[in-house]
Amino acid sequence: EAGARAPLTRARGRRTAKQGFAPCFFLLWGAAAPAFAHGVWTNIPSPAPRSPLHAVKFVNRVEAWAVGDTGTVLKLKDGEWRNATSGTDEHLLGLAVLSATEAWAVGENGTLLHYDGVAWTPHRDSRTAATRFLPLRAVAFLNPGNGWAVGGREAGVAAAEGIVLRYDGSTWTSATSTSDALYDLALVSSDNIRFCGGNRRIMRYDGTSYRLEAGPVADGGTWHALAFPFASQGWAVGDGGWIARFSAGTWSAVTSPVTL
């Protein structure tokens with residue numbers, strides 16, 4: 001296979017900030033959360049010591065949300081993480097924060113939650129009964145009237161299946177489906193959106209249609225996360241510690257400094 005294997009620990013978006021400092025990466029798991037500031041990792045008490053947390057987003061430099069298992073929602077304010085009421089017991093896997101008064105969370109069994117500045121409440125969508133309970137793993141917005149969410153299931157009792165949802169400012173609708181579960185997405189612009197998931201799927205939406213992109217790995221594993229800092233450059237990470245880079249219109253494997 002092209003390139004060198006790039007073993008990584010799977011990232012799950014566990015990040016936080018210490019009061020008064022800019023936001024930075026963190027791990028919220030167990031009784032305390034390590035926070036990085038001034039070049040040093042320190043522990044910050046977590047109000048959810050037994051709940052795995054899967055996603056975190058900042059509202060501004062000192063306020064943030066985090067979501068996790070059994071409907072856990074935490075809010076960082078005044079330097080302290082506090083529990084918030086989510087109204088669900090479902091595992092929450094993805095999070096998007098648009099402003100101090102608008103955020104979205106997605107999770108198992110098709111869960112869609114909306115925060116309106118006051119409370120988190122369930123949000124209905126127009127999916128069919130056959131796909132309504134597929135897990136949703138990631139959500140992102142270009143603006144308040146243009147949101148996207150992805151998810152699906154791996155092969156098991158039933159065949160693998162992926163789904164893409166689109167939000168128009170009032171309603172979530174099914175945009176497309178795939179034969180592989182989807183795990184993440186990267187929004188560059190309304191006509192440049194990429195998705196990744198099972199069976200090493202990398203897919204692009206060009207504003208009109210969806211098409212597969214050739215990746216550097218074909219081992220049947222999963223790409224778990226995507227990032228596109230620029231339209232011409234992106235990254236994907238996934239099973240086996242593989243890292244892929246998008247540059248000059250193609251994906252290639254890159255060497256990682258860590259090994260299994």
Side-chain angles (χ1 to χ4, degrees), residues 1-15 25 27 29 52-55 68-69 91 93-95 106-108 110 131 133-140 148-165 175-188 192-206 209-260:
E1 295 171 342
R5 296 195 72 172
L8 288 179
T9 300
R10 178 178 169 187
R12 284 189 175 268
R14 301 161 188 152
R15 287 167 273 183
F25 292 107
L27 174 66
W29 192 294
L53 300 172
H54 301 298
D69 282 5
H91 296 341
L93 306 175
L95 178 64
V106 298
E108 296 285 354
T131 61
F133 297 105
L134 289 175
L136 297 174
R137 293 187 172 89
V139 59
W148 297 77
V150 298
R153 61 168 175 260
E154 297 288 1
V157 176
E161 184 177 2
I163 190 168
V164 177
L165 302 183
T176 193
S177 60
T178 67
S179 58
D180 306 301
L182 298 175
Y183 279 76
D184 200 14
L185 70 165
L187 309 185
V188 178
N192 188 2
I193 300 173
R194 281 183 172 83
F195 311 86
C196 70
N199 201 27
R200 296 297 182 187
R201 175 181 289 267
I202 299 177
M203 183 174 73
R204 182 188 177 192
Y205 175 70
D206 62 9
S209 60
Y210 301 82
R211 64 177 177 85
L212 288 174
E213 293 189 322
V217 186
D219 62 358
T222 296
W223 293 117
H224 289 284
L226 274 176
F228 267 76
F230 310 102
S232 59
Q233 181 174 312
W235 300 87
V237 296
D239 285 353
W242 284 96
I243 302 175
R245 180 186 181 187
F246 179 82
S247 181
T250 61
W251 287 94
S252 59
V254 299
T255 303
S256 168
V258 294
T259 57
L260 290 176

Calculate, to the nearest 0.5 Å, the distance between atoms [atom1] and [atom2] belonging to [X] and [Y] respectively.
X: Trp223; Y: Ile202; atom1: CH2; atom2: CD1; value: 6.0 Å
X: Tyr205; Y: Leu185; atom1: OH; atom2: CG; value: 13.5 Å
X: Tyr210; Y: Arg204; atom1: OH; atom2: CZ; value: 13.0 Å
X: Met203; Y: Glu213; atom1: CE; atom2: CD; value: 10.0 Å

To check you understand the geometry: which heavy-atom pair defines the closest contact between [X] and [Y], and what is its length?
X: Gly220; Y: Arg200; answer: N-CG, 4.2 Å
X: Ala175; Y: Trp148; answer: CB-CZ3, 4.2 Å
X: Val106; Y: Ala138; answer: CG2-N, 3.8 Å
X: Arg137; Y: Arg153; answer: NH1-N, 4.4 Å
X: Ile193; Y: Leu187; answer: CG2-CD2, 3.3 Å
X: Pro216; Y: Ala244; answer: CG-CB, 3.8 Å

Report yes or no: does Asp180 contribute a side-chain atom to a donor-acceptor pair with the main-chain N or O of Gly197 at less than 3.5 Å?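 A pair under 3.5 Å: no.
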Using modelled atom types and a 3.5 Å cut-off, is there a donor and acceptor pairing between side-chain atoms of Asp219 and backbone atoms of Gly221?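 Side chain of Asp219 to backbone of Gly221: a pair is present.
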Evaluate the side-chain proximity of [Y] to [X]: yes if any heavy-atom separation is below 4.5 Å, no if none is.
X: Glu154; Y: Tyr183; value: yes
X: Pro135; Y: His91; value: no
X: His54; Y: Leu95; value: no

I'd like to know whether Ile243 forms a side chain to side chain contact (heavy atoms under 4.5 Å, CB included) with Trp235, so could you lay out the CA-CA distance, the side-chain angles of the two residues, the decisive distance to 0.1 Å, and finally the verdict. CA-CA 7 Å; Ile243 302 175; Trp235 300 87; 3.8 Å; yes
Could you tell me if Asp239 and His224 have a donor-acceptor pair between their side chains, going purely by distance under 3.5 Å?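 Note: His224 and Asp239 side chains meet the donor-acceptor criterion.
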Out of Leu182, Val150, Thr222, Leu226, which one pairs with Cys196 under the side-chain contact (heavy atoms from CB on, under 4.5 Å) rule?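 Option passing the side-chain contact (heavy atoms from CB on, under 4.5 Å) with Cys196: Leu226.
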Determine whether the aromatic ring centres of residues Phe228 and Phe246 are separated by less than 6.0 angstrom.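 Yes, close enough.
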Take Val139 and Leu165 through the side chain to side chain contact (heavy atoms under 4.5 Å, CB included) test and state the conclusion after the steps. CA-CA 9 Å; Val139 59; Leu165 302 183; over 6 Å; no
